[in-house]
Amino acid sequence: PAAKTSQYEMFTLTTWLLKEEMKGNIDGELATVISSVSLACKQIASLVNRAGISNLTGVAGNQNVQGEDQKKLDVVSNEVFKNCLASCGRTGVIASEEEDQPVAVEETYSGNYIVVFDPLDGSSNIDAGISVGSIFGIYEPSEECPIDAMDDPQKMMEQCVMNVCQPGSRLKCAGYCLYSCSTVMVLTIGNGVFGFTLDPLVGEFVLTHPNVQIPEVGKIYSFNEGNYGLWDDNVKAYMDSLKDPSKWGGKPYSARYIGSLVGDFHRTLLYGGIYGYPGDAKNKNGKLRLLYECAPMSFIAEQAGGAGSTGTERVLDVDPEKVHQRVPLFIGSKKEVEYLESFTKKH
Ligand code: AHG
Ligand code: MN
Ligand code: MN
Ligand code: MN
């Protein structure tokens, strides 16, 4: 950003959005949607930080479409996202990990943006006070399939599904918010990756990480090795090679895994390395969802000079067929993902 004109000047997310709009990189409607997402993240940050006090830990008592026991904060965070996105008047359809089907937003005034999100990622960590996050992606409405079947609910639903099931290569914006020792929003609109840290005293996200570049190599791997026995042979061979003391000049890799994709990915983005959630004998497509976990994170990784792969193809090239479709994910430093692919692309 330009040099500060006064010691009291704060380069906030609001300022950054305004400048991107003035440069013609985004339109006013998209800026409004991103602002509404940042408001949702501020609200969730305060809910998460006080979960133990306001009786918001523990399970809600029902299962979501993923077959997971919803945590109370999964449900609350989902409501917060839906309220913020609906009331900004620029969102046409939303898809959430916590919604069986996409939801057409009634209060759309203009813009009609499509927003996909994981309102609370890593929610199994909430009761232990370990870092969690939110992940989101924003698309323009699909030209091939306008949403116009107002009087035919079945057709309308099909049109909404078509509008959220777009390949990650069409994302206009992707980001995540990390709720940890600090609350950090990281996003891209296709011209680099920018990180904003919440100043809780002012309630504003302040630019703290302009133009993030992921290190080309990194000696940290982030996999749930508890699943090693279920992985196929080439992923096992890859993992064995990372831990082979005779390689890497005697300096083996370090393992770091907290069970929150947002936390594990944010560390990978800043320090380098690789995060992986392979397919396994139980779930050949792994656990992570393409639409609101793998694609937004892969857009960010690529914009920071890294890569996001399913092991056999670029995540952003995958054309989603179902809203909650899963894909294997290997994401991080370019050289590290390429090394992984030298095992998984073997015939
Ligand atoms: P969510 O809490 O949104 O369902 O996502 C959890 C995901 C991801 O955040 C994390 O990396 C992964 O699940 C952890 O899975 P395991 O517990 O199987 O390692
Ligand atoms: Mn979940
Ligand atoms: Mn998640
Ligand atoms: Mn989630």
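Bear in mind the structure is a predicted one, so any value in this text is a computation, not a measurement. Counting convention: from 1, in listed order, for ligands and their atoms alike.
A donor atom on one side chain and an acceptor atom on the other are not found under 3.5 Å apart for Ser309 and Arg314.
The Mn ion (ligand 4) has an N, O or S atom of Glu97 under 2.8 Å away, backbone or side chain. Put simply, Leu120 gets within reach of the Mn ion (ligand 4), with an N, O or S atom under 2.8 Å from it.
In terms of distance to the Mn ion (ligand 3), the nearest N, O or S atom of Glu293 is named OE2. In terms of distance to the Mn ion (ligand 3), the nearest N, O or S atom of Asp121 is named OD1. Nearest N/O/S atom of Asp118 with respect to the Mn ion (ligand 3) is recorded as OD2. Nearest N, O or S atom of Glu68 to the Mn ion (ligand 2): atom OE1.
To the nearest 0.5 Å, atom NZ of residue Lys287 and atom CG of residue Asn283 are 9.5 Å apart.
In this structure, Lys335 fails the cation-pi test against Tyr339, since its NZ or CZ atom is not both closer than 6.0 Å to the six-membered ring centre and inside 45 degrees of the ring normal.
Using a 4.0 Å cut-off between a side-chain N of Lys or Arg and a carboxylate O of Asp or Glu, Lys23 and Glu20 qualify as a salt bridge.
Linking Ile, Leu, Val, Met, Phe, Trp and Tyr whenever their side-chain heavy atoms come within less than 4.5 Å puts Val132 and Val80 in one cluster.
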